[in-house]
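Just so it is clear, the values below take in all heavy atoms, side chains as well, and ignore hydrogens, waters and symmetry mates. Residue numbers begin at 1 in each chain, while the letters A, B, ... track the order of the sequences.
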Amino acid sequence: MNIYNDFKNQIFEIFLKVTKNNNKSLDDIHTLKEKFTVELPREESHGDISTNICLVLSKIVGLKPIELAILMKSNLEKLDCFVGISIEGPGFININLENSFWHEQILKILKLKSKFGRSEIFLNNNINVEFVSANPTGPLHVGHVRGAVIGDVLSNILKMVGYNVTKEYYINDAGNQIDVLAASVFIRYEELITKNKAEIPEGYYPGEYLIQLAKSLYDVHGDSLLNVDKLKSLELIKKFSIEYLLNQIKDDLKKLNIEMDKYSSEKKLVEDLSVEKTIQELDKKGLIYIGVLPSPKSNAEDWEPKEQTLFKAKKFGDDEDRTIIKSDGALTYFASDVAYHRDKLIRTKGKLINIWGADHSGYVKRMTAAVNAIADKDGQLEIKLCQMVNLIKNNKPLKMSKRAGNFITLNEIIDEVGADAIRFIMLTRKNDQVLDFDFDKVTEKSKDNPVFYVKYAHARICSVLNKAEQLGYDTEKNNYDLSYLNNDVHLKLCKILTYWPKVIETSAIHKEPHRVAFYLIELSSVFHSLWSLGREYDELRFFQKENDASTYANLNLLKAIKVVICSGLDLFSVSAPQEM
RNA sequence: GCGCCCGUAGCUCAGCUGGAUAGAGCACCAGACUUCGAAUCUGGGUGUCGGGAGUUCGAAUCUCUCCGGGCGUGCCA
């Protein structure tokens, strides 16, 4: 239920009628419809609905915008609910709607409840959202949180518009870093048994979490791993460590209210020869060759040209061709990444989304190139980058060094501020904007803290509804006469609530979950205004002692607000408490 | 050097993907609690949208160029 789309269709019908273009092909109709907009104007004096159709489509029919507008106006006036139609500026058509129209929307919301906001515009489309995908070499830290939340909430939003969503985590459990991990664990294991404090060599994982891991390893295997062939031990430690760390990661995600649908293993792709097959497939397409990369523009001192196996990424928009097999015969990580994306494409039969940290921005082009090559068409992969998060405490930035133990884990933050605050705050900034996460602010009980502000609005509504029940009002019943809701603030709330499906839709189309957060804050703000107006004007109080019908109208409006706030917080997996 | 992102009010940020007079919050000042929760609300003013050029009915938004900041940049992992 998106009234703007409904009106768009009606307005377009009229356009076709007055310009005698009824015989357009479906394709034409689609492209014409893409061109103009029907929206709630920013400026209230521009009416309830505004369209630029005359400005955009007048040329096509050989008219001036104003001429077309005049032609359309008389036809628009015949439609229901349209009370004031005016032509403004260079040829905008602004339309006002009867109050009753907005009141009906409230009743629709109450009927649909949590289904309000859902749409079917992408019904039965498949989509795979890959996010987090942190290497299983340590616990999750703040760097991962933002992507985790954005990926999870985006998935929820996509579900609301009809997508079949798979939330996926790619485990980099093969390659050199895992060897290093195992060797690092071995050092800790040795340390534990020999009680000699270990030196952690350069390049190894120094984190103290490995001490705990080594203890678990000892609990299971005793000191037996010291006495057998070290290669064998390391192989066993590898498996053990990955499982241990991955379980830890899963636990952390669970604490953040995130559950993945699928975990994919890189190791498996190497073992079942998917990587080889992928390279063969690209080779068949003539996209693989043996060659030498050009010398890099900087730091070229120790550059040596070497022959290696390359993928023709340049042909698909990348800056260079990219190495698939190194000169020493080993596969690059890029090779298994390509295989992984091929695997996802085959499984998904739809589009792919990757949520990456901004530090991976250099890989966007090559990955997109590879997916375009495999899929034989563009646009199957969309990569959303999220910028870094600055932690702030006592007005000072918390600097994390990569040295041992000196990073803040996700777990620690959850324990300190709670999952709700983390999730909400991560969505209060556009994903490509750097975000400050202020420990003090996010737990503050004030307007400064959007999490609190929105939850508080919900709690206040619940408190009124409880009171209503105590006073003997039937809060379950809808379908009351809402004509009492005729104040500007009432109508503003109706309009904002009606806008909800559109918010979901644009968030889904542009993959921008932050829009939902801003919307919820705005909605809460107008609600708080209405509440306070009741202090000043008796007729704006929710309970009208002499007039039950008016009271019920108010209660219905509040219930509608509650429906939308709950849906929004539900999308975020943030709780909506009855009282605070 | 190259690539990506960012630059909007004193500060933190939106701006419906090209729309009309560019909007919020914070901070600052002044007000509102015997009432449905004052953890809130109401007023009060702020802009060379980093600079310049271009595209058109119309640009914060698209293109080019320059300036400033962040991140990333070899067969890494």
Side-chain angles (χ1 to χ4, degrees), chain A residues 4 37 39-43 45-46 50 52 55-56 58-59 64-65 88-92 94 135 137 172 175-178 180 293-300 302-304 306 308-310 318-320 322-328 330-334 357-365 385 387-388 428-436 438 444-450 452-453 455-457 459-468 471 499 502-503 505-507 509-510 512 514-515 518-519 521-522 525 528-536 538 541-543 551 554 558 579-580:
Chain A
Y4 299 93
T37 56
E39 56 194 18
L40 178 70
R42 184 160 49 198
E43 186 71 36
S45 64
H46 293 152
S50 174
N52 60 358
L55 292 157
V56 180
S58 59
K59 241 181 207 168
K64 286 183 180 162
E88 304 280 345
F92 290 99
N94 296 337
N135 293 340
T137 55
N172 285 116
N176 186 41
Q177 56 172 346
I178 295 299
V180 175
L293 281 176
S295 162
K297 308 262 180 326
S298 65
N299 294 329
D302 54 349
W303 166 259
E304 278 178 55
K306 279 184 190 165
Q308 54 209 286
T309 307
L310 298 164
D318 199 357
D319 305 320
E320 298 293 344
R322 300 296 174 181
T323 309
I324 285 279
I325 302 172
K326 301 186 228 178
S327 52
D328 65 1
L331 292 167
T332 58
Y333 268 80
F334 178 57
D359 51 343
H360 287 75
S361 61
Y363 296 82
V364 171
K365 279 188 183 174
L385 294 177
Q387 274 294 343
M388 40 189 291
T428 54
R429 202 112 308 171
K430 217 160 46 180
N431 57 290
D432 47 17
Q433 189 81 242
V434 179
L435 181 141
D436 288 340
D438 189 321
E444 209 171 273
K445 295 182 174 177
S446 85
K447 199 180 168 174
D448 270 5
N449 177 7
F452 171 79
Y453 192 66
K455 284 185 176 193
Y456 184 45
R460 271 182 151 178
I461 292 171
C462 292
S463 129
V464 178
L465 294 174
N466 284 337
K467 172 108 181 177
L471 292 173
Y499 203 64
K502 179 98 176 172
V503 172
E505 200 180 300
T506 32
S507 301
I509 289 172
H510 302 296
E512 292 179 339
H514 75 278
R515 288 172 186 279
F518 279 92
Y519 171 87
I521 293 166
E522 156 89 11
S525 162
H528 285 305
S529 288
L530 177 63
W531 179 289
S532 300
L533 279 174
R535 306 187 154 276
E536 214 170 328
D538 280 345
R541 298 185 69 72
F542 301 135
F543 293 103
T551 304
N554 279 303
L558 292 179
E579 51 189 56
M580 325 195 38

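Closest to the side chain of Phe518(A), from the set C75(B), A14(B), U42(B), is A14(B). Of the candidates A77(B), C41(B), G3(B), the closest approach to any side-chain atom of Gln177(A) belongs to A77(B). Set against G72(B), G3(B), A20(B), the side chain of Ser50(A) has A20(B) as its closest nucleotide. Among G19(B), G15(B), C75(B), the nucleotide with an atom closest to any side-chain atom of Lys430(A) is G15(B). Taking the side chain of Glu579(A) as heavy atoms from C-beta on, and the options C6(B), C26(B), G37(B), the nearest nucleotide is G37(B). Nearest to the side chain of Lys467(A), among C71(B), C36(B), A20(B), sits C36(B). Out of C57(B), U42(B), C16(B), the shortest distance to the side chain of Lys59(A) is found at C57(B). Among C4(B), C36(B), A14(B), the nucleotide with an atom closest to any side-chain atom of Leu385(A) is C4(B). The side chain of Gln433(A) lies closest to C6(B), out of C75(B), C6(B), C36(B). Distances from the side chain of Arg541(A) to the nucleotides U35(B), U56(B), C41(B) place U35(B) closest.
Comparing the C1' positions of C49(B) and A60(B) gives a spacing of 5 Å, expressed to the nearest Å. U21(B) and G25(B) have their P atoms separated by 23 Å, given to the nearest Å. Annotation: G15(B) and G47(B) have their C1' atoms spaced 15 Å apart (nearest Å). For the P atom pair drawn from C62(B) and C76(B), the interatomic distance equals 35 Å after rounding to whole Å. Taking atom C1' in both C33(B) and U46(B), one finds a spacing of 31 Å when rounded to whole Å.
One N or O donor and one acceptor, one from the side chain of Asn52(A) and one from the base of G19(B), sit under 3.5 Å apart. On a pure distance criterion of 3.5 Å, a polar donor-acceptor pair joins the side chain of Ser327(A) and the base of C75(B). A donor and an acceptor atom sit less than 3.5 Å apart, one in the side chain of His510(A) and one in the base of U17(B). Asn94(A) contributes a side-chain N or O that forms a donor-acceptor pair with the base of A20(B) under 3.5 Å. With hydrogens and angles left out, the side chain of Tyr519(A) and the base of C16(B) share no donor-acceptor pair within 3.5 Å.
Rounded to whole angstrom, the span from the CZ atom of Arg460(A) across to the P atom of U35(B) amounts to 13 Å. We find that CG of Asp359(A) is positioned 17 Å from P of C6(B), with the value rounded to whole Å. Computed from coordinates, the Tyr499(A) OH to G15(B) P distance equals 11 Å when rounded to whole Å. When the P atom of C41(B) is taken as reference, atom OH of Tyr456(A) falls 9 Å away, rounded to whole Å. At whole-Å resolution of the value, CZ in Phe92(A) and C1' in G18(B) are 10 Å apart. What separates CD of Glu536(A) from P of C36(B) is a distance of 17 Å, to the nearest Å. Distance CD (Glu88(A)) to P (U21(B)): 12 Å, rounded to an integer number of Å. Separating the CE atom of Met388(A) from the P atom of C5(B) is a distance of 18 Å, rounded to the nearest angstrom.
Taking the six-membered ring for Trp and thresholds of 30 and 60 degrees, Tyr363(A) and His360(A) have ring planes inclined between 30 and 60 degrees apart. Ring pair Tyr499(A)/Tyr4(A) is perpendicular by interplanar angle, where above 60° counts as perpendicular and below 30° as parallel.
Between Gln308(A) and Ser327(A), the side chains place no donor N or O within less than 3.5 Å of an acceptor N or O (distance only, hydrogens not considered).
Distance CD1/Ile461(A) to CH2/Trp531(A): 9.0 Å, rounded to 0.5 Å. Taking CD1 of Ile178(A) as the reference point, atom CG of Asn172(A) lies at 7.5 Å (rounded to 0.5 Å).
When the side-chain nitrogen and oxygen atoms of Lys326(A) are compared with OP1 and OP2 of C76(B), one or more of them lie within a distance under 4.0 Å. For Ser361(A), no side-chain nitrogen or oxygen approaches OP1 or OP2 of C71(B) to under 4.0 Å. Regarding contacts with the backbone of A77(B), every side-chain N or O of Asn135(A) stays at 4.0 angstrom or more from both OP1 and OP2. In terms of phosphate contacts, Gln387(A) brings no side-chain nitrogen or oxygen within less than 4.0 Å of OP1 or OP2 of C4(B). An OP1 or OP2 oxygen of C16(B) is reached within less than 4.0 angstrom by no side-chain nitrogen or oxygen of His514(A). Contact between the side-chain N/O atoms of Arg42(A) and the OP1/OP2 oxygens of G15(B) is not found at any separation under 4.0 Å.
Here His360(A) does not count as stacked on G72(B), because the ring centres are not under 5.5 angstrom apart with planes under 30°. Residue-nucleotide stacking is present for Phe452(A) and A39(B), judged by a side-chain ring centre under 5.5 Å from the six-membered base ring centre and planes under 30° apart. Here Tyr333(A) does not count as stacked on A77(B), because the ring centres are not under 5.5 angstrom apart with planes under 30°.
Salt bridge Arg515(A)/Glu512(A): present, at least one basic N to carboxylate O contact under 4.0 Å.
Regarding the sugar-base torsion, U73(B) falls in the anti class, its angle being beyond 90° of 0.
Contact annotation for Gly534(A): base contact, defined as any heavy-atom pair under 4.0 Å involving a base atom. As judged by a 4.0 angstrom heavy-atom cut-off over every strand, Tyr453(A) is placed among residues touching the sugar-phosphate backbone only.
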